[in-house]
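Note sheet for the following structure.
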Amino acid sequence: MKAVHLHIDRIVVDGLPEARQRQFARALDEQLRQWAASGAASEMTGNRRVRIPALNAWLLKPGATASEAARQVVNSVARRLGAIGQSGNARGPANAGGQEARGHV
């Protein structure tokens, strides 16, 4: 079984109260663990070390749950890794400033 090691330096969440940011961070942790366990990440990167300097998961639908928001972020990561696997390019747009929820996944 291949291992996926993921480090998130900073999560920027605009417009969420602090309690919902923590809820989102926990949901993101769970969604990323499920995604990594599925083997999808290692298949996309071909066992290469990949650095994504910034990722924009775009706007959430009004009333989105923490789990839906986390799924949207994981989908954005998967799309970016898929693009990196095809082009070898890990650069991306910088995120806009906002409230921060820090943590490690």
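Although no hydrogens or angles enter the test, the distance criterion places a donor-acceptor pair under 3.5 Å between the side chain of Asn75 and the main chain of Arg71.
Among the candidates Thr65, Ile11, Asp29, the single residue satisfying the side chain to side chain contact (heavy atoms under 4.5 Å, CB included) test with Phe24 is Ile11.
Contact annotation: the side chain of Val73 never approaches that of Leu32 to less than 4.5 Å [non-hydrogen atoms, C-beta and beyond]. Contact annotation: the side chain of Ile52 approaches that of Leu81 to within less than 4.5 Å [non-hydrogen atoms, C-beta and beyond]. Glu68 places none of its side-chain heavy atoms less than 4.5 Å from the side chain of Leu60.
For the side chain to side chain donor-acceptor pair (under 3.5 Å) test, residues two or more places apart in sequence or in another chain that qualify with Gln31 are Ser67. Qualifying side chain to side chain donor-acceptor pair (under 3.5 Å) partners for Ser76, counting only residues two or more places apart in sequence or in other chains: Arg79.
Note that CG of Asp9 and NE2 of His7 are 4.5 Å apart. Values are rounded to the nearest 0.5 Å. If you take CZ on Arg80 and CG on Asn56, they are separated by 9.0 Å, rounding to the nearest 0.5 Å.
Between Glu30 and Gln34, the side chains place a donor N or O and an acceptor N or O closer than 3.5 Å (distance only, hydrogens not considered).
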